[in-house]
Amino acid sequence: MSGASPILPREILIATVARLLDGVRHVAVGASSPIPAAGAMLLRALKQQAGEKPVRISILGSVEHNFFTNGSAELFDCAGQGRIDAFFLGGGQIDGQGNVNLVGAGAYPQSSVRWPGSFGSAYLYFVVPRVILFREEHSPRVFVNKVDFISAPGTSAEGVYRRGGPHALLTSKGLFRFNKTQGNFALDSVHPGHDLAEIKDATGFRFDHPARPEQTPEPDARTLSLLRGQVMDELSETYPDFAKQMRDDLQALQDPQAAIAS
Amino acid sequence: MSGASPILPREILIATVARLLDGVRHVAVGASSPIPAAGAMLLRALKQQAGEKPVRISILGSVEHNFFTNGSAELFDCAGQGRIDAFFLGGGQIDGQGNVNLVGAGAYPQSSVRWPGSFGSAYLYFVVPRVILFREEHSPRVFVNKVDFISAPGTSAEGVYRRGGPHALLTSKGLFRFNKTQGNFALDSVHPGHDLAEIKDATGFRFDHPARPEQTPEPDARTLSLLRGQVMDELSETYPDFAKQMRDDLQALQDPQAAIAS
Amino acid sequence: MLSDLETLARQVEAGMRLALPVDYAGVSMAMTKPLIARGAGDLHVICVPTGGLQVDQLIGAGLVSTVETSAVSLGEAGGAPRFNQAVKTGAIRIMDATCPAIHAGLMAAQKGSPFLPMRGLIGTDVLRNRGDWQVIDNPFEDAGDPIVLIPAIKPDVAIFHAPMADRFGNVWIGRRRELAAMAYASTTTLVTVERIVDESLLANEMSAAGTLPSLYVSDIAVAPKGAWPYGLWGEYPTDTAELIRYAKAARSDEGFADYMSGRMLEPAQ
Amino acid sequence: MLSDLETLARQVEAGMRLALPVDYAGVSMAMTKPLIARGAGDLHVICVPTGGLQVDQLIGAGLVSTVETSAVSLGEAGGAPRFNQAVKTGAIRIMDATCPAIHAGLMAAQKGSPFLPMRGLIGTDVLRNRGDWQVIDNPFEDAGDPIVLIPAIKPDVAIFHAPMADRFGNVWIGRRRELAAMAYASTTTLVTVERIVDESLLANEMSAAGTLPSLYVSDIAVAPKGAWPYGLWGEYPTDTAELIRYAKAARSDEGFADYMSGRMLEPAQ
């Protein structure tokens, strides 16, 4: 299990999440978000190993990782108090200004495609300092020029109370940073196996980028060892299906013959 | 224990409280208010005996009669929801307009006599439909022409949200009703052993009254029997000292020789 | 106050504002069938703060005219098919909110206040489509600082499922305090429970801490596995396979009708 | 995070806003002596929502410049002598409130809102003397309907006493949810407890329902009978005789000094 061993694309995502979270004291993760949860768990394990300040993780809807005792309002109260440093947000559509649409495509209210709804995004995006936009599907139907409905805006006019917002956008193809001053995204790195042209094709909005973007770094041996050991064990408790899938994928990667034979 | 037996002044007060509460579903009583509590318990016992709708009593600060589970804010929330029909209020000063002062006499803030403070009166007086002002001491220093500090006003200007306020004023000498339209008190009845002239002397504000006010009715035999039986037993649990005192007084009243001898 | 499901359902009348809890808090799925049998329609459903299977089924049964919610979905089983369909055809009016706004509206009702302020929302299409919300300038700042005011949400009826009640009508809600918030804010609160216990839940501080007092509880019925196919915290897990079965069936009107008429509306004991 | 009383006291600094609970909720009387020994003065004490013995003693020790409260008294033992004296001489600034206004201010802080509206108060001298409160016309009514806005109360430190904490820093507060409200609103929360338990209070739903999670708890110290002479719900009753003894002694500066230097500051075990 050395640094040179093959690495799953999802392991890169998880390690990237951990990097993006570096420095947070408390991160909240949605109920069905195994990759963000794994990233948070990886950061916690790394900090623990290094003897640094502990990282607190709240997984919504989980019984195991639910540290709240005041009903479903507590997450939002907690964020309002400034006690949550980072949160993840997906989106049916995300546009180049960091606007997020969780409601529907097409007209409103009679959307042609209806998604569940805005959940807490219209609040949390304003008050959680580091919101990480995470969507594996990287396609022009997700990353649009302008969202059809603003569940939560990327930036706000001067004078509007705002201490939170988008920090980065992580997809299956690459990592973007959000520039709060300009209110747009800049490509930070491209994941192994992808390239700038492909990302441009798959993205419906314009974004800043260097002429030759860097490649997203792979986790080092120590990180990978924690991820494949302690973190996978922790993950199995909350996301057993996801953890099993990843373990199967990993086995296939490391021993293709055995995987096929099994 | 017939209706003709001697009756304690406090038994008249308790029976009067029960009459004033008739029709309420839920009454809240302050922690150190044994007479209001006894009146509420008497009403509950009467309704129970008559097979009528039950009366709910919340005694603040009591462990036994605390039906709240959301901290000390719940009483006020509950009142704001319209779930409390009656409440008792005392006052260092009460004036003829029904204004109540729980803060202090003289200048403010450097009061010459400082009382604890307004507690919840500045809210509850507005939202509890039937607030019964209860103060045993009937003297000009308590019943003043104008309070030095308005903790809670007897009436409010038009347009001010107000669905509660003073209903009656009960003292050791008599019972007043509050006239909401005129914003003043009218003497309703004089307790046995007292008279109008004495009440006028002891009251620092003007009040309406008939030329010959009625006497406050004494409890009938059924009521007295409940009061001296079931209610005293219930009262002993929450106010043991008060209940013992009343039992001693009663014994002295019924058998003066024995009381002296003991 | 111990009743049966039908007696509870009869207290819901056409046109009422009905508050229902989020899927993991204690959904009284046992009440869904009696509510549909009762047939009181034109309901204004308030999801606290999101809705799922029960809301989808009430919509599918044609009982709902308005849904006020932060989201409706079947979670791992995907989108809510009857809800999505009804939105598309305009069969229901949707009042899109965000979770803390629903909580704020209920808290305003709990406090007897006409509204509660909340941060966020400025510049969203959620706010733009809510004519019943107001924006003012925060009076504690010298200039600017717009802030949204959410009016009190006062449901006529709240319905939820909890592990237990006592013989005195007190209901144990544990740490799911949104259930208390719903009850505080609502005129009538109907509760189904797994079981009734003899001793008062208020008799000791440990159980009292998680108890909704009977003062806020209008009626109670026993319904073992009453949250199924949802789980109930501390009691049993969600039956995700059943949710998926529903999600597939309810894609069409016919499939929904088939599913609802089926025997599988009863939990496996 | 298990500390001793002195370590807790050192986290209180001069000029801080200090939130203390009502006498029956769990007053950390055990912290009074260490706070006085620590000597951080110019405190702004916020009583949640009323104060008693601890507030009176801190005032008597000269540590308090402002008291924000709905009342201060010793209950059955009568008025609070050092408080009353300090009001009379103008030694402290008094910010008279009413109980639900204190709760509203803390709730605003809990919600991250700048203020909360509340009914009542219009026409009172309580309102007239609170320049920090605002009155607006309810924007949801066409005309008139004045309503008071209470700004968020954000204490620097909350201090209270509870029956137990676990090894992970979770504190069991039972149904005394004002203690949670204080902690939510405060930057730092210092807790004394009767005992530490091994198992996580969050490990089962019954104890979790009454638990303040460690997220909101800064530091904990063990102090058996730590509320004495006040009682602690579910644990021991109030020692009224001791309160009366204090009330008599503290009528004069000398009597207060004598009392505070006496051995009787320790609870009888």
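We name chains A, B, ... by the order of the sequence lines, and we start the count at 1 in each one. We use all heavy atoms of the structure for the numbers below, so side chains are in, but hydrogens, waters and symmetry mates are not.
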Residue [X] excluded, over 12 heavy atoms near [atom1] under 6.0 Å:
X: A:R206; atom1: CZ; value: no
X: A:E136; atom1: CD; value: yes
X: C:D132; atom1: CG; value: yes

query = In a check of side chain to side chain contact (heavy atoms under 4.5 Å, CB included) between C:T211 and each of C:N170, C:V171, C:I173, which one passes?
reply = C:N170

What part of [X] gets within 4.5 angstrom of chain C, counting heavy atoms only: side chain, backbone, both, or neither?
X: A:A152; result: backbone
X: A:Y125; result: neither
X: A:S121; result: backbone

N-O pairing of [X] and [Y] below 4.0 Å:
X: C:D253; Y: C:R82; answer: yes
X: A:D77; Y: C:R177; answer: no
X: A:D85; Y: A:R25; answer: yes
X: C:D125; Y: C:R128; answer: yes
X: A:E74; Y: C:R175; answer: no

note = For residues 75-99 of chain A, the ring pair (Phe, Tyr, Trp, His ring centres under 6.0 Å) pairs (sequence neighbours left out) are none

key: A:V29 vs A:I57 side-chain heavy atoms within contact, under 4.5 Å   = yes

task = Any pair with a residue in residues 143-153 of chain C that passes side-chain hydrogen bond (donor to acceptor under 3.5 Å, both in side chains), sequence neighbours left out, goes on the list, sorted by first then second residue, please.
result = C:R119-C:D145, C:N138-C:D145

task = For chain C, find which of A:S118, A:G104, A:A107, A:S156 contributes the most heavy-atom pairs closer than 4.5 angstrom.
result = A:S118

query = By number, which residues in residues 159-168 of chain A have some heavy atom less than 4.5 Å away from chain C?
reply = A:G159, A:V160, A:Y161

query = When only heavy atoms count and the cut-off is under 4.5 Å, which of residues 176-183 of chain A reach chain C?
reply = none

request  = Select one option (side chain, backbone, both, neither) describing which atoms of C:N129 are under 4.5 Å from chain A's heavy atoms.
outcome  = side chain

remark   = When the 4.5 angstrom heavy-atom criterion is applied to C:A101 and chain A, the contacting part is neither

task = Please work out which of the three classes, parallel, tilted or perpendicular, describes the rings of A:H138 and A:F143, given edges at 30° and 60°.
result = perpendicular

query = What residue in C:V22, C:T89, C:T50, C:T69 has the most heavy-atom pairs under 4.5 Å with chain A?
reply = C:T89

